[in-house]
Amino acid sequence: MRTLNFILLASACILALAGCRKEMPQMQNPRTDENIYDWSQLFESFWNGMNYNYVFWDIDPTDWDAVYDEYQPKFEELGKFGFMDEEVNNTAADMFYELTKDLVDGHLSITIKIPETDTSYMYSPNEERVSVRPGYTDRSLMINSVIIMLNRLSNAGRFDVKDNGSSRNSLLMRLNDERSCVMASGILDQDIAYMFMSSFKISMHYGIENDPLDAVVRAYHSYLDSWPDLKGVIIDLRGNSGGALSDLPLLMGRLVPEKMLFCYLRDKNGIGRYDYTPWVPEYAEPYGKTRDLDVPVAVLVDMNSVSMAEFTPLLVKELPKGCVIGEQTWGGIGTLVSENSAFDQYLGGYFENSRVTAYTTKNVAMDVHGVIHEGKGIEPDIHVATDTDGMAAGNDPQLERAIEFIRNGK
């Protein structure tokens with residue numbers, strides 16, 4: 001654990017030590033730190049865990065050493081009370097919120113467990129920031145609005161699905177469960193293939209007999225493979241919470257004309273705060289193609305589109321006829337390690353011990369133009385605000401703008 005500067009040291013020595021902190025990290029696996037009996041120890045464990053797990057220190061505006069200098073004495077004072085005082089716990093939890101609120105990782109969520117008072121505290125800094133953007137629409141409302149809109153369009157004869165029950169039935173799957181996946185595919189206005197998905201879980205369902213989501217994806221593939229005189233493709237990722245990277249070939253493989261660079265990724269390669277690998281290029285390649293589709297591809301996004309729902313727009317932006325339409329996305333573009341992964345294997349990302357869980361990405365993504373969108377989100381090529389009232393009436397401005405782009409190429 002990091003120790004306090006001795007009070008008797010001269011101020012110049014204190015400054016020198018502070019300047020060396022990031023150069024001399026102490027190796028301690030924060031995933032096995034079980035002996036945490038008070039808030040002072042909890043803060044030390046979390047600070048150290050973030051110090052050499054977090055992958056954004058070179059772009060994050062937070063001065064992590066200054067955070068230690070400001071908050072360590074405060075937590076040391078609260079450490080005298082253990083975890084049994086509810087008022088003390090609430091004070092400490094508020095301080096955790098303050099010291100993490102500006103961290104840029106869009107995936108970051110922090111859970112603090114206090115079983116002594118049967119209490120847990122959870123923080124998601126970017127969720128707080130996104131939720132106060134002008135015009136923000138709740139994810140559940142967004143997904144339900146898309147479903148209502150598709151049913152309106154279906155009733156009006158503008159949205160057709162195959163007679164295999166694939167799309168219409170899946171629209172009604174566990175809509176109140178935010179962790180479930182809702183998908184729909186069909187043909188819009190007779191000549192535009194459409195695919196909606198609330199999360200990237202294609203590979204979990206693909207190839208499973210009698211799985212309604214497998215049927216949705218296979219119907220989407222059939223439109224791309226054989227629908228006559230197909231004029232374009234719309235991929236609807238509004239409200240999409242991300243998911244499996246392995247879904248990308250199944251969603252985009254038939255639309256990629258050739259092997260294409262679409263982003264770069266960088267991981268950690270040491271326990272030092274700034275120990276990073278070189279930027280590694282990431283490519284998308286054709287997959288499962290039966291014909292060449294030289295048609296416009298539009299992807300719809302909103303403020304809730306995150307993770308894989310941001311990797312996909314990065315790819316669509318590089319397609320010859322690709323366009324991103326809607327709102328600025330969430331701002332969490334990276335991959336995650338599982339709870340069971342080895343600390344010394346990744347040197348970054350998720351960590352957990354008896355008191356704190358930090359759900360954080362293991363790498364940084366950069367687009368092909370050298371821009372890192374973490375904590376900010378991807379700006380659409382064509383900005384159209386969400387209108388859930390209009391969608392409920394079957395008039396979706398974002399979807400209609402995507403149709404216009406496909407018809408006119410702009």
- Item | Taking every non-hydrogen atom, the tightest pair across T361 and T335 | OG1-O, 2.6 Å
- Is R158 salt-bridged to E400, going by a charged N under 4.0 Å from an acidic O? yes
- Task: Evaluate the criterion salt bridge (Lys or Arg N to Asp or Glu O under 4.0 Å) for residue pair D381 and K410; output intermediate values, then yes/no.
- Result: CA-CA 10 Å; D381 299 307; K410 58 183 180 180; over 6 Å; no
- Side chains of R129 and N126: donor-acceptor distance under 3.5 Å anywhere? yes
- Determine the minimum heavy-atom distance between E374 and G332, stating which atoms define it. OE2-CA, 3.4 Å
- Task: Would you check if there is a donor-acceptor pair between the side chains of E327 and T386 at a distance under 3.5 Å?
- Result: yes
- Cut-off 3.5 Å, side chains only: do D236 and Y194 have a donor facing an acceptor? yes
- Message: Any non-hydrogen side-chain atom of L315 less than 4.5 Å from a side-chain atom of M252?
- Response: yes
- Here the pair of heavy atoms bringing M50 nearest to W57 is O-NE1, 3.1 Å
- Message: Quick check on the 6.0 Å ring-centre criterion: do H221 and Y206 meet it?
- Response: yes
- Task: Enter the distance from I403:CD1 to L188:CG here, rounded to the nearest 0.5 Å.
- Result: 5.0 Å
- Message: Between Y123 (side chain only) and A93 (backbone N and O only), is there a donor and an acceptor less than 3.5 Å apart?
- Response: yes
- R254 and D225 ion-paired at < 4.0 Å: yes
- Please answer whether the main-chain N or O of G207 pairs with a side-chain N or O of D214 as donor and acceptor at a distance below 3.5 Å. yes
- Message: Quick one, L224 and L293 - any side-chain contact, counting heavy atoms below 4.5 Å?
- Response: yes
- Message: Rounded at 0.5 Å granularity, tell me how far CG in D292 sits from CG in L255.
- Response: 11.5 Å
- Query: Between the main-chain N or O of G243 and the side-chain N or O of D247, is there a donor-acceptor pair closer than 3.5 Å?
  - Reply: no
- Task: Evaluate the side-chain proximity of N240 to M197: yes if any heavy-atom separation is below 4.5 Å, no if none is.
- Result: yes
- Message: Distance alone, cut at 3.5 Å: any donor-acceptor contact between the side chains of S45 and N353?
- Response: yes
- Task: Please assess S40 against L78 for the test side chain to side chain contact (heavy atoms under 4.5 Å, CB included), listing each intermediate value before the final yes or no.
- Result: CA-CA 7 Å; S40 177; L78 294 182; over 6 Å; no
- Task: Among E70, E76, E77, find the residue that satisfies the salt bridge (charged side-chain N to carboxylate O under 4.0 Å, His left out) test when tested with K74.
- Result: E70
- Message: Does either side chain, that of D105 or that of T360, offer a donor lying less than 3.5 Å from an acceptor on the other one?
- Response: yes
- Item | Flag if over 12 foreign heavy atoms under 6.0 Å of CG, D118 | no
- Below 4.0 angstrom, N of the basic side chain to O of the carboxylate: do R273 and D60 qualify? no
- Contact check, side chains of S154 and D160, non-hydrogen atoms, under 4.5 Å: no
- Item | Test side-chain hydrogen bond (donor to acceptor under 3.5 Å, both in side chains) applied to R238 and N304, D396, T137, D302, the passing residue | D396
- Query: Do you know the tightest heavy-atom contact between F200 and A309?
  - Reply: CE1-N, 3.6 Å
- Query: So how far is it from H107 NE2 to S124 OG, rounded to the nearest 0.5 Å?
  - Reply: 10.0 Å
- Have Q398 and H383 got a donor and an acceptor in their side chains that come within less than 3.5 Å? no
- Message: Return the OG to CG distance between S140 and D138, rounded to the nearest 0.5 Å.
- Response: 5.0 Å
- Any luck finding a side-chain donor-acceptor pair between S203 and S246 under 3.5 Å? yes
- Atom CZ of F56 and atom CG of L108: how far apart are they, to the nearest 0.5 Å? 9.0 Å
- Message: Is the shortest side-chain heavy-atom distance between D367 and H373 below 4.5 Å?
- Response: yes
- Note on the structure: In terms of heavy-atom contacts, T117 and F83 come closest through CG2-O, 3.6 Å
- Message: If we check side chain to side chain contact (heavy atoms under 4.5 Å, CB included) with P296, which of these qualifies: N408, I406, I192?
- Response: I406
- Item | Beyond-backbone contact of M391 with I148, side-chain heavy atoms, under 4.5 angstrom | no
- Message: Would you compute the distance between atom CH2 of W279 and atom CG of N363 and round it to the nearest 0.5 angstrom?
- Response: 8.5 Å
- Do E352 and Y350 meet the criterion of a side-chain donor-acceptor pair at a distance under 3.5 Å? yes
- Message: Please find the pair of heavy atoms, one from L314 and one from I378, that lie closest to each other, and give the distance.
- Response: CD2-CD1, 3.7 Å
- Query: Side chains of K376 and T329: donor-acceptor distance under 3.5 Å anywhere?
  - Reply: no
- Message: What verdict does the ring-ring contact (aromatic ring centres under 6.0 Å, His included) test give for Y97 and Y121, after you've listed the backbone C-alpha separation in whole Å, the side-chain angles of each residue and the deciding distance to 0.1 Å?
- Response: CA-CA 9 Å; Y97 169 77; Y121 301 94; over 10 Å; no
- Query: Tell me, do F96 and F75 make a side-chain contact under 4.5 Å, heavy atoms counted?
  - Reply: yes
- Please check if the side chain of W47 supplies one atom and the backbone of W64 the other of a donor-acceptor pair under 3.5 Å. yes
- Side-chain touch L250/Y220, heavy atoms, less than 4.5 angstrom: no
- Report yes or no: does R152 contribute a side-chain atom to a donor-acceptor pair with the main-chain N or O of A392 at less than 3.5 Å? yes
- Query: Please walk me through it: do K268 and D275 pass salt bridge (Lys or Arg N to Asp or Glu O under 4.0 Å)?
  - Reply: CA-CA 6 Å; K268 290 200 71 186; D275 291 344; 6.0 Å; no
- Task: Given side chain to side chain contact (heavy atoms under 4.5 Å, CB included), test F196 with V182 step by step and report yes or no.
- Result: CA-CA 8 Å; F196 168 75; V182 181; 4.2 Å; yes
